[in-house]
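To keep things clear, I will list the structure first and then write my remarks on it.
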Amino acid sequence: MNFLEALKSYPSFLLAVYWSFFGACLGSFANVCIYRIPRKISIIRPRSFCPRCGHKIPFYLNIPVLSYFFLRGKCRFCGAKISIRYPLVETAVALLFLAVYLMFGTSCDTLRFSFAFFFLFTVSATDFDRFQVPVRLTAAGVLTGILTSFLPNLFTSPLESFLGTVIAIGSVVLFNDIFTAIFSREGLGDGDASVAGLIGAYAGWKAFFFSLFFGAVFGIIFSVVLFSVVKGKHDSDWRDPQPRWKKMPFVPFMFIGFAVWTFLARFMPGYLPF
């Protein structure tokens with residue numbers, strides 16, 4: 001009996017709970033990446049600390065989601081308010097892991113797609129929060145995607161994973177070169193190319209083109225709705241020199257497109273355009 005067969009002997013409900021908790025733990029790490037990478041702080045050392053007083057947080061006060069409510073949303077050492085973003089991110093990643101488990105069950109695809117969702121969520125949150133794409137994080141995701149493509153019984157073979165990475169990155173670079181030559185400004189940046197490679201590494205080039213197209217559709221719809229809501233607000237009402245509705249990060253919409261592709265590929269492959 002191999003490892004997967006042994007896991008399948010456990011109750012599915014229990015495995016779903018375990019996998020969701022693992023997702024919450026990675027959500028805690030996602031918080032570290034979202035906060036530290038744009039500020040050029042190591043994500044390894046020092047361990048978690050309060051941004052206000054700098055006091056290192058002991059492990060028993062760093063339990064995903066639960067610690068926030070136990071501490072009543074305040075630092076135990078200085079009383080500073082803890083952002084609600086931390087438990088929300090941890091909960092979001094836990095729910096993403098649960099969704100992947102419900103889609104793929106006890107399989108190697110659950111592992112791969114969970115990591116894909118983790119990397120894409122973390123990069124999307126960083127792009128939304130700071131308008132930055134942590135290329136080193138996406139590179140780690142691409143490498144993980146290619147290496148795990150050698151696991152048995154997957155949606156994506158190692159060849160499809162490698163070609164997906166190359167085609168996705170190459171397509172974005174080529175598009176950006178053509179766009180820059182015509183309009184004298186950048187269309188998609190290096191960060192977008194790295195995210196494209198990330199999607200291609202886990203799901204192949206077809207998933208990338210689907211995510212790119214539907215990400216653009218979702219982005220346009222969201223921008224139109226947002227413009228109709230906030231149009232006319234004075235620039236001083238926003239935290240940035242330029243209103244945020246005029247600067248729309250694209251990576252979160254590519255992530256949404258990839259999530260839609262994953263659902264369709266698993267349950268309704270006949271509805272995919274290719």
Side-chain angles (χ1 to χ4, degrees), residues 4 7-8 10-35 37 43 48 61-73 82-130 133-134 137-138 140-141 144-145 148 154-155 195 198-199 201-203 207 210-211 214-215 218-219 221-222 249-268:
L4 282 179
L7 283 179
K8 290 178 181 178
Y10 287 86
S12 297
F13 172 77
L14 192 61
L15 292 176
V17 171
Y18 287 157
W19 198 245
S20 299
F21 179 73
F22 178 56
C25 292
L26 282 184
S28 180
F29 179 63
N31 275 319
V32 172
C33 296
I34 294 167
Y35 179 82
I37 291 178
I43 61 176
S48 297
L61 294 178
N62 204 21
I63 302 173
V65 183
L66 298 179
S67 290
Y68 178 85
F69 295 100
F70 174 75
L71 296 170
R72 298 181 180 179
I82 301 172
S83 173
I84 189 65
R85 185 190 75 184
Y86 292 98
L88 288 179
V89 167
E90 292 162 355
T91 302
V93 179
L95 291 176
L96 287 174
F97 272 49
L98 175 61
V100 173
Y101 178 80
L102 293 176
M103 282 191 285
F104 295 101
T106 307
S107 67
C108 293
D109 273 314
T110 295
L111 176 67
R112 293 191 80 242
F113 279 91
S114 293
F115 276 115
F117 275 45
F118 162 75
F119 281 112
L120 285 169
F121 176 87
T122 306
V123 173
S124 297
T126 306
D127 191 28
F128 181 82
D129 186 48
R130 307 286 295 190
V133 176
L137 186 63
T138 56
T144 303
T148 55
L154 296 175
F155 258 44
V195 174
L198 179 62
I199 293 174
Y202 281 97
F210 182 96
S211 304
F214 280 90
F218 294 141
I221 295 173
F222 183 83
F250 184 52
V251 173
F253 297 105
M254 290 182 67
F255 176 35
I256 294 173
F258 176 75
V260 172
W261 179 90
T262 304
F263 178 83
L264 292 177
R266 179 65 182 90
F267 296 114
M268 295 182 289

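Everything quoted here is computed from the prediction, not taken from an experiment.
- Looking at Trp19 and Ser114, their side chains do bring a donor and an acceptor atom within 3.5 Å of each other.
- Side-chain contact between Val251 and Phe128 is absent, with no heavy-atom pair separated by less than 4.5 Å.
- By the neighbour-count criterion of 12 heavy atoms within 6.0 Å, atom CZ of Phe13 is sparsely surrounded, having that number or fewer from other residues, nucleotides or ligands.
- A distance of 8.5 Å separates OG1 of Thr122 from CG of Leu26, quoted to the nearest 0.5 Å.
- Counting heavy atoms from C-beta outward, Leu15 and Ser12 have side chains that stay 4.5 Å or more apart.
- Taking 4.5 Å as the limit, every side-chain heavy atom of Leu198 sits out of range of all side-chain heavy atoms of Phe255.
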For a ring-ring contact (aromatic ring centres under 6.0 Å, His included) check, start with the C-alpha distance between Tyr18 and Tyr10, then their side-chain angles and the critical distance, and finish with the verdict. CA-CA 11 Å; Tyr18 287 157; Tyr10 287 86; 8.0 Å; no
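- Using a 4.5 Å heavy-atom cutoff, the side chains of Ile34 and Arg130 are not in contact.
- Ring to ring, Tyr68 and Tyr86 are not that close: their centroids are 6.0 angstrom or more apart.
- Using modelled atom types, one side-chain atom of Thr110 and one backbone atom of Gly105 make a donor-acceptor pair closer than 3.5 Å.
- Note that CD1 of Ile63 is 9.5 Å distant from SG of Cys25, once rounded to the nearest 0.5 Å.
- Phe29 CZ: more than 12 foreign heavy atoms inside a 6.0 Å radius.
- The CZ atom of Phe113 lies 12.0 Å from the SG atom of Cys108; values are rounded to the nearest 0.5 Å.
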Do Trp261 and Ile199 pass the side chain to side chain contact (heavy atoms under 4.5 Å, CB included) test, and can you show the C-alpha distance, the side-chain angles, and the key distance before you say yes or no? CA-CA 11 Å; Trp261 179 90; Ile199 293 174; over 6 Å; no
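- Across Phe263 and Met103, no two heavy atoms sit closer than the pair CA-SD, 4.0 Å.
- A distance of 6.0 Å or more separates the ring centres of Phe218 and Phe222.
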Full working for side chain to side chain contact (heavy atoms under 4.5 Å, CB included) between Phe104 and Thr262: CA-CA 10 Å; Phe104 295 101; Thr262 304; 3.9 Å; yes
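- Counting only distance, with no hydrogens or angles, the side chain of Thr148 and the backbone of Thr144 share a donor-acceptor pair below 3.5 Å.
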Would you give me the side-chain donor-acceptor pairs under 3.5 Å for residues 92-99, sequence neighbours excluded?
none

Side chain to side chain contact (heavy atoms under 4.5 Å, CB included) between Phe214 and Ile256: does it pass, once the steps are laid out? CA-CA 8 Å; Phe214 280 90; Ile256 294 173; over 6 Å; no
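- Atom-to-atom distance recorded for Leu137:CG and Leu120:CG is 9.5 Å, nearest 0.5 angstrom.
- The structure places CE of Met254 at 6.5 Å from OG of Ser211, a figure rounded to the nearest 0.5 Å.
- If you look at Phe258 and Tyr202, their ring centroids are not closer than 6.0 Å.
- Remark: Asp109 does not engage Arg266 in a salt bridge, criterion side-chain N to carboxylate O under 4.0 Å.
- In this structure, the separation between CZ on Phe253 and CG on Asp127 is 10.0 Å, given to the nearest 0.5 Å.
- Phe121 has its side chain within reach of Val89: a pair of non-hydrogen atoms, C-beta onward, lies under 4.5 Å apart.
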